[in-house]
Structure formats: structure tokens, C-alpha cells
Protein chains: 2
Amino acid sequence: MSNPSSNPSIKDIAARANVSTATVSYVLNGTRNVRPKTRERVLAVIEELNYKPNDIAKSLKRRRTDTIGVIAEDVTVFNTPEIIDGINDYGDRHDLHILLTNLRLDKRIGRDFEHTDKYRKYAASAVSELLSKQVDGMIYIGVHPRDLTGLIDSEGKPIVYTYAYTQNDMAIQYNDEQASYEAMSYLVARGHRRIAIISGLMDSIPSRLRLNGYYKAVTEFELPFDPVLIKMGDWERESGYRLTRELLSLPAPPTAILAMNDVMAVGVLQAANEAGVNIPADLSVIGFDNREFSDYLSPRITTMDLPLHEMGYRAMETLHEVINGKQAWRPEMPVCRLIERDSVAPPKGGKP
Amino acid sequence: MSNPSSNPSIKDIAARANVSTATVSYVLNGTRNVRPKTRERVLAVIEELNYKPNDIAKSLKRRRTDTIGVIAEDVTVFNTPEIIDGINDYGDRHDLHILLTNLRLDKRIGRDFEHTDKYRKYAASAVSELLSKQVDGMIYIGVHPRDLTGLIDSEGKPIVYTYAYTQNDMAIQYNDEQASYEAMSYLVARGHRRIAIISGLMDSIPSRLRLNGYYKAVTEFELPFDPVLIKMGDWERESGYRLTRELLSLPAPPTAILAMNDVMAVGVLQAANEAGVNIPADLSVIGFDNREFSDYLSPRITTMDLPLHEMGYRAMETLHEVINGKQAWRPEMPVCRLIERDSVAPPKGGKP
DNA sequence: CTGTTAGCGCGTTCAC
DNA sequence: GTGAACGCGCTAACAG
């Protein structure tokens, strides 16, 4: 016995079962036929000693760790846990493990994405550590969809981005344009034609894509196009509040507002409330993100659910296939789906 | 050169710098003095070849991975990301890595904690995998504080629980009793004496401890003790709603309500709103958890913030010290702190 | 077909 | 400053 005090090794098993370590290995992995009797004996000893193979040694030899490095820009941001959950879902089914790196971006440098220098340093050291740990690949989870081209060098290891992208790497992104188009269709189907939109910051990709979906709906459904119905917010509640006040004071206010996130939708509710405008009777509201609290407000907000779990799952799946040499990169994007709640009703005087 | 196509190994560095691999290792780790000139040469080659040590090989020899296995019962539950963030915070400062396991309990078996059989299987396989990966220790993050004694066998590896505990292992728990006592003190200081409490499920530890804090405050501040002011909820909004209606219809309704979580506080607001009771003018409310949405409601809810980040940090710190042989187990519990917002005011006719 | 021997993967560290 | 054994499991080559 090599060392009775520490965990038993394959040698201990071999000795106790009167076989070579090779035989034990073959039994363990089914890599070759072993006579049933021998196999039984080996398995009995493994059981008896509660032997667990050392994955570190195994990985060293196999040059593969079955471990994926996940770089999260910030795990405390709402999108990240669900994405990680999706990654775990796939990982569980395929015996893949997760080495988690949390850049803690929100706490360390906030949302000022221009701090490229500092950011690059954090990211580089995260990648470097994961590479040292010999991960088989990496998944990068952003806090906000944006172009990260040139910021990260994965040094040849496969990497998949989600909730962020680069011009050269694989990325799993949901379909923003479809989402806002679908929200618009939903409102139009209920008789709305004068629909306002409160966007996020305009340097953000989702803002632009969702605006595209809005325009597309305006065109296809031949809605009256009025620039005053398009408001630029900043994702924060206060902007939803302020812009809704502006919209409500218009000579011809909208009958519905599409807010690009649930946080701004809170501001919409507040402004409407203060103005004595009833939601949904006088004004319909749709949010985005399906944040937990959107179900706790009065009225409960109808909102677009982001396919976060699916994004994580697909990112992991894509990475896994690339690692295994199947270049199964598919272009279809996960889609958002509308969660119908109580903040939308037909407009007054509209069709039923 | 052993293999020009794959990553350079210590051998490649040694060969190119005309030294032995031992010397390279000494340079890398500062384990021994190396003549400056030699050291320079080695460092230059390392730079030139962009050499990164293989942590897998290193771990195999050192019998230590500097990796901690984190077992989260469910990463999508609100407490978990912040706890993980705290773990990362400490880990970053001490070069510790995180191998994340997500039991996905909520999605797989829900909140029925009695499914012990299934649960035990998931937990055991998680531990087993982490052990195979040779983690130096483990942190267990529960979804709800409860006694897990006997459910998990860490097979001798150090393990620290947080947001859960066992009778034999180290656990980092926040101080529930102090928290509700402090919330009560805050209300009393503002003149409230008739204070109701809406608890969570009574088979839950936090419910009982917080009730203790309530009783302690009632006794110490000599508040009128009236059992009808003590309501048993179930953590869900509907129970907050229903029980508040009951409280408001009392002959002598309370002037303040302490809800054991923010979700039930939403129900309190709703019931008060329907009854035409103004918060905080007619009724004060304090919640628990400092959920993000508590700041989005009208009025913004005053609530107890849970020291989640600190719990993660302390769990990691404790584990690290145990691994290093410093049995630095401290009994002090992280404390909650009150977030003052707009849902508390002096009672009508109370002192200013 | 079954079993064994021995070298390897890569970095660490003791003895010289 | 170096040689070589070592940590542990895998697997090619070989023997029966």
C-alpha cells in the first residue's frame, strides 16, 4: 500500500486485488475486456476501499480536464445566474465541470465600459488563470450585450460569448429585434396604434435592435409614425418616470408604452399613477426582462422574458461540440417570449 | 523541444535557457536562490515562449489544487449570487479558484425539503465529483437556512456551510434574532407599540429566531403583548396580503407590521392599499431581505439587508484558514442592517 | 482475449 | 546548479 493515510490510489486497488494497475484502469474505464471474475474482484476492492480516481492525474495524462472556464462579468447582475443555470444544465448531462471566474465588474469599475485598460487587465488575468488550470474551453458572460472584439485573447482555446460578442468568436445572443416586434404585434392585435417606446441608452446594441423591431412593426402594421413617441431612456427607473410624464402631456398621448426594461416600466407605472392615468385601462405597458419584481407590481407587468437559461445551455452545447471537433455552429438565435400579465388592455375606443 | 505544437512545458524552457527543469522551477516559484544572470535568462525565455505553468501537473505533485468546490443548492435563488460574490472576493485576494456545482434544487425538486432521498443522491454525487477533482475544501450554500445534519459526507475534506448548517460542521450564519430585534427597536424608537409580525413558515429556523427577537423586544420595551398580532405566513405574497387584511380588520389594528420577507411585504402593501390605509402615514411596514424590488415599490420599503457578501467572504476565509491548519473558527455572526426607506413613520397620535 | 510492464504527462523537490 | 524520483492514472507494447 503506497500510503494508507491518504486516499487510496489505483496502486492500492491493484495490490489488494492481485492485478496490475493497468487492469484496474481497464475495469474503471471499460477501455478493454477484462475477464468477469477479475473485474468482479477489482470492483469489490474499489467498493471496499471507497476508491475515487484522481481526476487531476487523469487530466494530466489525457490532456483534457472536462472542465469549462466560465468568466462572468458579474454574477450579481440579474441575467447571470440563469445563464449559469443553463450552463450547469448542459454540463450535468455531459459530465462537464465549471470553473467559475467572477470579474466583479459592477463593484470594481461600474458600468463605465470605457475603462478598457482596467477591464482588459482583469479579463486577461482571468483567462490566464483558466488556461493554467487547463480548461477545455471558456464561456464569457457579459453584463450587457456589447462588442468585445480585441479585448480578450483566448490563446487558441475555444471560447463562446453570451450576452456579449466579438467579431471573430462564436456568440449566443437572443433575438432583440424579434422581441420588440413581437411585443408590438401583441399591442397592435389588441387595437393599439399609437404606441410609444422608451429605449435604453443608445450606445447599447439591444436598444438599437429593439428600435429596429419597433420600426419594422410601425411599417408593417402601417401605424402612424410619430417621432415624439420615441423616447431615449437610460435603463433607470427615473428615466421611465420622466419620459412617461412627457408622453402623457402630449396633445395626443400614446395608448401604450413599450419600455425596454422592467426597471423603466416601474417608472412608467409611477408616472401614470401620479397623473391619475389607470393602467391598463387608460394606458397599456409592456416591459422587458421578466424581472422577478415585474410580477409584484400593481398591476403585474406584461413583459418579454429573456431566454437566459437557453443561452447558457446553448453556449455550453456549442462549446462542447467545438471541443469535440464538431463545428456545429448554428445561427438561429434563442427567442424571447411574452409573459402576459395585467398591464395591457385594449385602448379606450379601440376595437374590442 | 518536446512538442512544438502544444503549449511549451518547463522542459522547453529549460532546454532553451540551457538550464535544468529544476532551475526553471526555482525561478518560477522563488523556492531557492538562483544566480541573477541565470534567472534573467530563464525569465527571458519564459516571456519569449509565453510559457504558462500547467497547474494540473503542479497540483498533482503538490497534492493541493488551490481550488474550492462550491455546492450551491440553486444559483438562481436570490441569496446565492451575492454569497458567491463574497466567496470570489476572498478567493481573488488569495489565489483560490472556484469549482461551481449547482444542484438546481428549485427546478429539480422544488422547495419540498422532505424529498431527502433524491436530494441526498444529488448532493452525494456533487461531493463525489468535487472530491475526484481534488478540491482543497468545500462550501455549501443552501437556499434556506436549515439543518442538514447527516445528509452530506465530505469524506474528511473540510467543509463550511452557509445559509444552512449541520450539528458537526462549521457554518456561517447571520444573526436572525438580532435582526428582528433591531427592526423592532427601530419601530419602537419612532413611537410604535402595537406592532404585528408576519412570519414565514414555522418549520423554518429563521422564522423561529426572528420571532425570538420579536418577543425579546416586546419584553424589553414592555410592549403590549397580544397574540392576535402574531401571524403565521408562508413567505409568499398572498399570505402577506391575507394576513394584513386580518390585522387591519382587528378592533385595535397594529400601527406597524414587521414582515419576515419583502415578498410578503408586497402583499402587505397591496392589502393596505385596497383598504385605503396609507403607508406609512397610517401603517408602517418593515420587510426582510432587501430584495432589489423593495426599492421599486411605492412606497419604497424599509427592510433588513442580509449580509450575504460577508457570509460568502467569511465562509471562504474560514475554510482557507482550516485548510492551512489555523483553526480560526470564530463564533461571531455577521449581522443584518436596516435599510431606511419610506415605509416607516411615527404612528398617528404617537410621539413625534 | 486477458493480463502485465513500463513509460509518459509536467512540475516539484531532495540529494548530490 | 543538476539529476532523477515522484504524484497518479493511462495506454502502447508485449507475453501468455
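Throughout, protein chains are lettered first and strands after them, A, B, ... in sequence-line order, and every chain is numbered starting at 1. All figures in this text were calculated on a predicted structure; none of them were measured in a lab.
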Next on the checklist: Ignoring hydrogens and geometry beyond distance, is a side-chain donor-acceptor pair present between A/Gln167 and A/Asp147 at under 3.5 Å?
Outcome noted: yes

Next on the checklist: Pairing donors with acceptors under 3.5 angstrom, does anything connect the side chains of B/Lys133 and A/Thr67?
Outcome noted: yes

Checklist outcome for this item: Picking from C/dT5, C/dT13, C/dT12, the nucleotide nearest the side-chain atoms of B/Ala22 would be C/dT13

Item to check | Rounded distance (Å) that lies between atom C1' of C/dG3 and atom CZ of A/Arg41 | outcome: 11 Å

Checklist entry - How would you label the contact of A/Val19 with the nucleic acid (heavy atoms, under 4.0 Å): base, sugar-phosphate, or nothing? => result sugar-phosphate

Checklist outcome for this item: Rounded to the nearest 0.5 Å, the CD atom of A/Glu73 sits from the NE2 atom of A/His144 at a distance of 10.5 Å

Next on the checklist: Side chains of B/Ser128 and B/Ser125 only: does a donor on one sit below 3.5 Å from an acceptor on the other?
Outcome noted: no

Item to check | Pair of N/O donor and acceptor under 3.5 Å linking D/dC6 base with B/Lys61 side chain | outcome: yes

Next on the checklist: If you count every heavy atom of other residues, nucleotides or ligands that lies below 6.0 Å from B/Glu332 atom CD, does the total exceed 12?
Outcome noted: yes

Checklist entry - Would one find more than 12 heavy atoms of other residues, nucleotides or ligands at under 6.0 Å from atom CG of A/Asp117? => result yes

Item to check | Short side-chain N/O contact from B/Tyr51 to OP1 or OP2 of C/dC10, under 4.0 Å | outcome: no

Checklist entry - Between A/Ser25 and D/dC10, does any side-chain N or O lie under 4.0 Å from OP1 or OP2? => result yes

Checklist outcome for this item: Considering only heavy side-chain atoms of A/Thr23, the closest of D/dC8, C/dT4, D/dC10 is C/dT4

Checklist entry - Side chain of A/Thr21: nearest nucleotide among D/dC10, D/dG9, C/dT13? => result D/dC10

Item to check | From C/dG11, D/dC10, C/dT4, nucleotide with atom closest to B/Ala57 side chain | outcome: C/dG11

Checklist entry - Is there a donor and acceptor pair closer than 3.5 Å between the side chain of A/Tyr26 and the base of C/dC1? => result no

Next on the checklist: If you take any heavy atom closer than 4.0 Å to DNA chain D, which residues from residues 28-38 of chain A end up in contact?
Outcome noted: A/Asn29, A/Arg32

Item to check | Residue B/Arg62, side-chain atoms from C-beta onward, closest of D/dG9, C/dC10, C/dT12 | outcome: C/dT12

Checklist entry - Which distance, rounded to the nearest 0.5 Å, do you find between the CD1 of A/Ile98 and the CD1 of A/Ile139? => result 6.5 Å

Checklist outcome for this item: Out of C/dG11, D/dG3, D/dC10, minimum distance to the side chain of B/Asn54 belongs to C/dG11

